[in-house]
Amino acid sequence: MEIFKRLEEHNYEELIMCHDKASGLKAIICIHDTTLGPGVGGTRMWNYPTEEEALTDVLRLARGMTYKNAVAGLNAGGCKGVIIADPKKDKSEALFRAYGRFVQSLNGRFNTGEDVGISLADLEYVNMETDFIVGRESTSGDPGPVTGFGVFRGIEACAQEVWGSEVLSDKTVAVQGLGHVGYALCEYLHEKGAKLIVADINEKMVQQAIDKFGAEAVKPEEIYGVQCDIFAPCALGAVINDVTIPQLKCKIIAGSANNQMKEARHGEIVHEKGILYAPDYVINAGGVINVYQDICEGDYKRTQTLQQISRIYDSIEKVIAISKRDNISTYKAADIMAEERIQSIRNINRIVGRRQ
Ligand code: NAD
């Protein structure tokens, strides 16, 4: 493992190996870039088969957070933590508190919250040892519904681009996944009169969407090929791939799922096919915008947070503008937008003085 070579490749700032023999803690914290502000990124618990896989994941995820926070307009850098353990059997108070002490030792460079494998209850143990936890139940809370609101605003921006109007009452949206985000998205879309086609492996949620929104339900594998205007993937990653792209009949892909493109080339293929793709990490930033409020001074304020999340509309507009300016896919344009913001802030002259 040539670690420094890997850090150099994408200019990572710091990598911390956290070990506590007594509790069994083995964790890696990665701080990618704090040009814009202190790092904000979740902590994942996963039973990684090898340390190499854990390292690869934390490097990838921390860098992803730099880009996500940058395009969301936050004064926050990118970071991530991974705990190498089985979430089904290795959780303990001692392990999370040991992790919390490492988080505290970074003195605010690393602000973290829940991610895959970590519950809000687990986070409370980490919180016993550190001041740098975001997204607790008692603060900004469940990010799902506000992420759904951000996706809805992103869809409106895409509709404006494609049809010259953000009116959705004559549009059909296919929503894959009716979980925390997908269901909330359906509520917003239904309120605006959009017709919904839904799929989920959870039949209870499907029935709820039929009853509440008059949605049409299809089998999970059929959602890609339905006749619709907008496809909103809100369940799994890698759903836009060689098998699904030929089935798509939509003009827009805009949903919350992370890493929707199986490979980068799929972002290019949908662009060439004339489908407008709202890059996942731009449109699903509602969750991080929400938790970011926890590191800002003062109490969490829902109304202001929603106003900020509403500006995902503008972020999507900017991505589209860069895509047109540089004649590139929106998939690539999102990265350019993040890099341009980070670079522009890095370039500001250093004026010495004390902040009041
Ligand atoms: P969730 O677990 O609450 O919901 C996911 C839903 O997808 C569940 O109802 C599940 O039954 C369904 N599902 C699973 N496999 C499916 C399949 N093959 N076909 C159809 N449905 C299927 O998760 P969530 O919090 O709603 O997040 C949804 C997606 O958005 C995830 O990819 C997540 O990483 C991403 N995301 C979530 C947030 C957030 O704030 N929760 C923020 C950013 C990104």
Side-chain angles (χ1 to χ4, degrees), residues 40-44 46 57 60-61 64-65 67-69 71-72 74 80 87 113-120 123 134-137 139-155 173-188 196-210 215-226 231-241 243-244 247 253-262 278-294 305-306 308-309 312 315 334:
V40 177
T43 292
R44 177 168 289 198
W46 193 254
D57 212 26
R60 178 180 68 84
L61 294 167
M65 285 311 299
Y67 281 72
K68 184 173 195 158
N69 293 338
V71 294
L74 303 177
K80 203 84 183 186
E114 61 164 333
D115 197 89
V116 177
I118 303 277
S119 70
L120 287 176
L123 215 52
V134 293
R136 293 173 63 209
E137 194 112 60
T139 57
S140 55
D142 178 9
V146 291
T147 301
F149 174 61
V151 174
F152 168 71
R153 292 289 291 149
I155 286 177
V173 188
V175 181
Q176 179 185 46
L178 297 166
H180 288 87
V181 182
Y183 192 82
L185 172 64
C186 287
E187 286 180 318
Y188 288 108
L196 298 173
I197 303 178
V198 299
D200 198 300
I201 50 170
N202 180 340
E203 283 169 20
K204 195 172 137 246
M205 293 310 294
V206 172
Q207 193 56 49
Q208 205 168 311
I210 295 171
E216 179 191 329
V218 295
K219 293 198 185 101
E221 64 278 11
E222 288 170 1
I223 194 77
Y224 307 104
V226 297
F231 174 46
C234 298
L236 316 157
V239 291
I240 308 298
N241 55 47
V243 176
T244 59
Q247 300 176 45
I253 300 171
S256 72
N258 283 313
N259 305 315
Q260 290 168 31
M261 299 296 152
K262 186 166 186 202
D280 43 21
Y281 71 82
V282 182
I283 199 169
N284 73 15
V288 76
I289 294 171
N290 194 48
V291 298
Y292 173 73
Q293 304 311 313
D294 293 343
T305 306
L306 287 175
Q308 201 173 348
I309 292 173
I312 286 178
S315 304

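Atoms within each ligand, like the ligands themselves, are counted from 1 in listed order. As a basis for the values below, the full set of heavy atoms in this structure was taken, side chains included, without hydrogen atoms, waters or symmetry mates.
Thr244 contributes a side-chain N or O that, together with a main-chain N or O of Val239, makes up a donor-acceptor pair within less than 3.5 Å. Although no hydrogens or angles enter the test, the distance criterion places a donor-acceptor pair under 3.5 Å between the side chain of Thr147 and the main chain of Gly287. Within the 3.5 Å criterion, the main-chain N or O of Met205 finds no donor-acceptor partner in the side chain of Asp200. At distances below 3.5 Å, at least one donor-acceptor pair connects side-chain atoms of Tyr281 with backbone N or O atoms of Ala334.
Under 4.0 Å from ligand 1, the heavy atoms of Cys234 that appear belong solely to its backbone. The proximity of Ala199 to ligand 1, defined as any non-hydrogen pair under 4.0 Å, is limited to the backbone.
Near Gly144, with a cut-off below 4.0 Å to any heavy atom, the atoms of ligand 1 are 40 (O), 41 (N). The ligand atoms of ligand 1 that sit less than 4.0 angstrom from a heavy atom of Gly177 are 7 (O), 21 (N). Short contacts between ligand 1 and Pro143, defined as distances under 4.0 Å to a heavy atom of the residue, involve ligand atoms 40 (O).
Note on ring orientation: taking the six-membered ring where Trp is involved, the planes of Phe231 and Tyr224 are perpendicular (angle over 60°, cut-offs 30° and 60°).
Scanning the protein heavy atoms around atom 33 (C) of ligand 1, the nearest turns out to be Asn258 ND2, 4.0 Å. Nearest non-hydrogen protein atom to atom 4 (O) of ligand 1 is Gly179 CA, 3.2 Å. In this structure, the protein non-hydrogen atom closest to atom 7 (O) of ligand 1 is Ala235 CB, 3.4 Å. Here the heavy atom of the protein found nearest to atom 18 (N) of ligand 1 is Leu236 CD1, 3.5 Å. Scanning the protein for heavy atoms near atom 37 (C) of ligand 1, the closest one is Val181 CG2, 3.8 Å.
Here's the thing with Gln176: none of its N/O atoms is less than 3.5 angstrom from an N/O atom of ligand 1. Close N/O approach between Asp200 and ligand 1 is found [any backbone or side-chain N/O within under 3.5 Å]. Ligand 1 has no nitrogen or oxygen under 3.5 angstrom from a nitrogen or oxygen of Pro220. Between Lys68 and ligand 1, no pair of N/O atoms sits closer than 3.5 Å.
Distances from atom 40 (O) of ligand 1 to the heavy atoms of Ile283, Thr147, Val116 show the closest one on Thr147. Summarising the contacts of atom 25 (O) of ligand 1 with Glu221, Lys204, Lys219, His180, the nearest heavy atom is found in His180. The residue from Ser256, Ala184, Gly237 that puts a heavy atom closest to atom 35 (C) of ligand 1 is Ser256. For the residues Ile201, Val218, Leu185, the heavy atom positioned nearest atom 15 (N) of ligand 1 is part of Ile201.
In this structure, Ile312 and Gly150 approach most closely via the heavy-atom pair CG2-O, 3.6 Å. Of all heavy-atom pairs spanning Leu185 and Ala232, the tightest one is CD2-CB, 3.9 Å. Closest approach of Gly113 and Leu123 over heavy atoms only: C-CD1, 3.8 Å. Summarising the geometry of Asn69 relative to Val40, their closest heavy-atom pair is ND2-O, 3.2 Å, with the distance given to 0.1 Å. Across all non-hydrogen atoms, the minimal contact from Asn284 to Ser256 is ND2-O, 2.8 Å.
Side-chain contact annotation: Tyr183 with Gln208, donor-acceptor N/O pair under 3.5 Å present.
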query = Going through the checks in order, is the side chain to side chain contact (heavy atoms under 4.5 Å, CB included) test met by Thr43 and Asp115?
reply = CA-CA 5 Å; Thr43 292; Asp115 197 89; 5.6 Å; no
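Closer than 4.0 Å to atom 23 (O) of ligand 1 lies none of the heavy atoms of the protein. Taking a distance limit of 4.0 Å, we find that atom 2 (O) of ligand 1 is approached by no protein heavy atom.
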